[in-house]
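Structure first, then comments.
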Amino acid sequence: MGEVPWLVLTVEKIKTYYGNSYILQELSFAVEKGKCVALLGRNGAGKTTTIHSIMGLVPPREGRILYEGQPITGLPPYRIAKRGIGLVPQGRRIFPSLTVRENLLMPARPPRNPEQRKAWTLEEIYNLFPALKERENNMGNELSGGQQQMLAIGRALMTNPDFLLMDEPSEGLAPVIIEQVEEIIKTLKQTGLSILLVEQNFYLACNVADEVLVMNKGQIVWQGSPEELLKNEDVQRDYLGV
Amino acid sequence: MSIFLVQILTGLAYGMLLFMIAAGLSIIFGLLNVINLAHGALFLIGGYVTLSLVNNYLNFWLSLLVAIVVMALLSVIIERFLLDKMYGQEFEQVLLTFGLMFFLADVAKWIWGTSPQSIPVPDYLASSFSVGVVSFPVYRVFVVLVGCLVAVVMWYLETKTRIGAVIRAGVDDREMLGALGINFKVAFTGVFAFGAALAGLAGGLGGPILGLYTGMEGDILILSLVVVVIGGLGTWKGSFVGAILVGMADTFGQMWFPSFSMAIIFIIMGLVLLIKPSGLFGKGVGA
């Protein structure tokens, strides 16, 4: 795989370790610009490690990651983020010592290509998530799980990314809220944002993704469209436990 | 009664000096997770730099300002070239900052000698004013005001500015801050320099009251650690309250039980730890 203009992200044979445990075993995949790719797999398959490798939080020991054709492997996370990658982390990781408003404004950054993309502003985030507007002076830890998830998404959007990494946005949320998350992801896709979505929720992933990757033991074991995955009961049973 | 009022002022002024030192120590710990044992030495050198400049006929205010800038620059060098390599390694940090304390104290001995010295202050600050029969030294009132001003500035920076929000977020979750595109190493350097600048300011302001002497770095370090333990790690508000407590306890202790004053401070610390192990304003142990 070389520098292909329609790919936003290319992961090439990365090997990532946590201490001595070998997690990502020559993992390779690519994300096309403007697409939503879902990464599915059981607990421990290496999904979150993949997100952490891309973000530079746990850099791969071997292999390389290209973002918009440029290698980002080994860069510190803040530089990777500044290239235009936003993170909605597992467990939300809202800053409890900051108000909702501060959580949104503190990381705010203008888009890198303002002529191509309109910038997210505080008002627009509040339009997207009215509940946050009502609670803007509450501290980050005074929100419900669903509101924290909205805040985590809003916070990432305030950095005006071109590519969004979402790590289990449905985790621990009620079905009604998961539907909202689904709608939001669809809305974000319409803005042209490329998304890599890590999920345990098979149906949410299939509803929003253009392409699905199934991971097992640190490698991609299946790849295809959501329709194909919904028909393929072997893959569902063997790797997803559906 | 008049002695009592003057002692309150003395205790407050001492408390404000301790506050300026301990607040730096505390916020450095809060963000960087580093106990900077060289902090007392930074205080001492800040005092000596002010002294040298004042002795060379520089205006007291300018001397203070230069001392603050010198301490900030010195601490940037320490943070960038020494501490930066040891983040996350607590034992190495302790050895480094402990060693730096000895090193800086010896440099101070070498440059400024071993005999105790005091910083002269401008005449208008060296005078006293009277309220009824009680006569208060102007300089101590001035130190209390500066301490309160520092507290207001810290409150403003912490709660009203983006830098303050970045630092609070960094204390909460440093890794997440990086993932949002913020280079927290810049914040680290900034907070370390700010803390050192405060120590330098306290040294320059404290010189006229406490004097400057060999071994002072250790005394100041221990007292400010006590303040931080009482107030809680990582919070300057805790340092403010803790410093006033320690300042008062020390001043009145020396008046009423001269041979027992240090013990009183440690008894207070012990009581606070018994009632609230994380300190008066601390968020919890271990985080």
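Proteins get letters first, then strands, A, B, ... in listed order; numbering begins at 1 in each.
Heavy-atom pairs under 4.5 Å with chain B were tallied for A:Arg155, A:Arg79, A:Lys82; the largest tally goes to A:Arg155.
Inter-residue side-chain proximity for A:Tyr78 and B:Asn183 is flagged as met; some heavy-atom pair is nearer than 4.5 Å.
Sorted by first and then second residue, the pairs that involve residues 183-196 of chain B and meet salt bridge (Lys or Arg N to Asp or Glu O under 4.0 Å), not counting sequence neighbours, are B:Asp84-B:Lys185.
Taking a 6.0 Å sphere around CD of B:Glu90, one finds it holds 12 or fewer heavy atoms contributed by other residues, nucleotides or ligands. Heavy atoms of other residues, nucleotides or ligands lying less than 6.0 angstrom from OH of A:Tyr126 number more than 12. Atom NZ of B:Lys276 is surrounded by more than 12 heavy atoms from other residues, nucleotides or ligands within 6.0 Å.
Scanning residues 151-166 of chain B against chain A with a 4.5 Å heavy-atom cutoff picks out B:Thr159, B:Arg162, B:Ala165, B:Val166, ordered by number. Along residues 98-112 of chain A, the residues that come nearer than 4.5 angstrom to chain B, judged on non-hydrogen atoms, are A:Leu98, A:Glu102, A:Leu105, A:Met106, A:Pro107, A:Ala108, A:Arg109 in order of number. Contact residues of residues 43-62 of chain A toward chain B are A:Met55, A:Leu57 (heavy-atom distance under 4.5 Å).
Of all the heavy atoms in B:Ala179 and A:Ala81, the pair that sits closest is O-CB, 3.4 Å. When every heavy atom of A:Thr159 is checked against every heavy atom of B:Leu180, the shortest pair comes out as CG2-O, 3.8 Å.
Note that the CZ atom of A:Phe95 and the CE atom of B:Met176 stand 6.0 Å from one another [nearest 0.5 Å]. For the atom pair CZ of A:Arg93 and CG of B:Leu177, the computed distance is 11.0 Å after rounding to the nearest 0.5 Å.
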